[in-house]
Number of protein chains: 2
Amino acid sequence: MSQAPPFQLQDFLPYLLNQAAETSGQEFQSYYKARYGMLRTEWRVLFHLGRYGDMTATDICSRAKVHKTKVSRAVSALEARRFLKRETRSNDRRHEALSLTPAGEAAFADLTTEAQRYNATLLSDFSDEEFAVVRRFLLHVARLDCKDSQT
Amino acid sequence: MSQAPPFQLQDFLPYLLNQAAETSGQEFQSYYKARYGMLRTEWRVLFHLGRYGDMTATDICSRAKVHKTKVSRAVSALEARRFLKRETRSNDRRHEALSLTPAGEAAFADLTTEAQRYNATLLSDFSDEEFAVVRRFLLHVARLDCKDSQT
DNA sequence: GGCTATTAGTTGCTTTTGTAACTATCAACA
DNA sequence: TGTTGATAGTTACAAAAGCAACTAATAGCC
């Protein structure tokens, strides 16, 4: 009745992925939480605007696969801290073009530096080839492995 | 002023890990949610007891790195649905030995089969060697890569 | 123009999580 | 014994996330 190799928890990918995401997320959170009092979604919105240019809340939703209420609240919080500003588009007044303020740009630059540094520490024991495998796997599982990688 | 290669979101591991964990977690959740109305922590407690034998709530906390309030609530929920039973240990009445009921064992067996099947689909495009790299990486990031792998 | 359907974004309510304080039990040691 | 400190587990309260209803603006079509 026993299955061939008893199923180990450390072989179950949703569990492994969750543990790894939790640990790394917590560790990196310490940066943006301590320095800017940001929440995860706020950091994510900041990064999207800083890295990929001005866009609307809905754009961020579809790119980051985050629900719009979370984005809405993150945008409000970042606006209250003067990290971004909104501008209603004249041609369609439903859209709000979001853009970073100088303070937002500064925070983005600072945190991006940290992100790259932190990323490097996670990969220190792995070769470029190994990272490529890991990256491909993660993109596959997250269903992000479209041929046309987003600009 | 621009950093050598502009930092891509798809290279940032906490982000990638979170997306992959979210997607796979959601997908697998559909099984235990639909069939047994379980929450993630409840499934995790069930799996620990089914796979690793009877233990106390604190044992599960340290093994699964879950906070004790979450485990406490999951245990209560599983007990209410008659998936597990508690037994206060006579030698130390603070400890509660948790064990699955027959219904709990059945759910565990069913879900474990699904887990293995789902796991296989995630890995269908990857070789054993590639999986080994991914697994090693995830254990490393999650700080679970102790030499003495848990029994 | 005016009716209907769609889209962007917000708000209120519920569920879940996180934090800290609490009870109960036991161990150690004066 | 009895006092202090630690441990197992629960509960109460606060923060965050999820869901559904809502407003405002626009597009399509008659």
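Proteins come first, then strands; the chains are lettered A, B, ... in the order of their sequence lines, and each starts at number 1.
Listed by chain and number, the residues in a side-chain hydrogen bond (donor to acceptor under 3.5 Å, both in side chains) with R35(B) are D110(B), E114(B) (sequence neighbours excluded). Taking the ring pair (Phe, Tyr, Trp, His ring centres under 6.0 Å) definition, one finds that H95(B) meets it with nothing, sequence neighbours left out. Evaluation of the side-chain hydrogen bond (donor to acceptor under 3.5 Å, both in side chains) rule for T69(A) yields H67(A) as partners, not counting sequence neighbours.
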Check nucleotides 13-24 of chain C for protein N or O atoms closer than 3.5 Å to its own N or O atoms and list the pairs.
unit_1, atom_1, unit_2, atom_2, d
dG18(C), O6, R73(B), NH2, 2.9

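Distance CG (N91(A)) to C1' (dA24(D)): 16 Å, rounded to an integer number of Å. With rounding to whole Å, H95(A) atom NE2 is found 6 Å from dG9(C) atom P. Note: CE (M38(A)) to P (dA16(D)) measures 14 Å, nearest angstrom. At whole-Å resolution of the value, CD in E96(A) and P in dT23(D) are 18 Å apart. One can place NZ of K65(A) at 18 Å from C1' of dA17(D), the figure rounded to the nearest angstrom. With rounding to whole Å, D92(A) atom CG is found 12 Å from dG28(D) atom P.
Pairs passing the ring pair (Phe, Tyr, Trp, His ring centres under 6.0 Å) check and including a residue from residues 100-125 of chain A, sequence neighbours excluded, read F28(A)-Y118(A), F47(A)-F108(A). Within the structure, salt bridge (charged side-chain N to carboxylate O under 4.0 Å, His left out) contacts touching residues 67-79 of chain B (residues at least two apart or in different chains) are E79(B)-R86(B).
In this structure, R86(B) reaches the sugar-phosphate backbone alone: every heavy-atom distance under 4.0 Å involves primed, P, OP1 or OP2 atoms, never a base.
Judged purely by distance below 3.5 Å, without hydrogens or angles, the side chains of R143(B) and Q19(A) never pair a donor atom with an acceptor atom.
Each of S90(A) and S72(B) was assigned the nucleotide of DNA chain D with the nearest heavy atom; the assignment lying further toward the 5' end belongs to S72(B).
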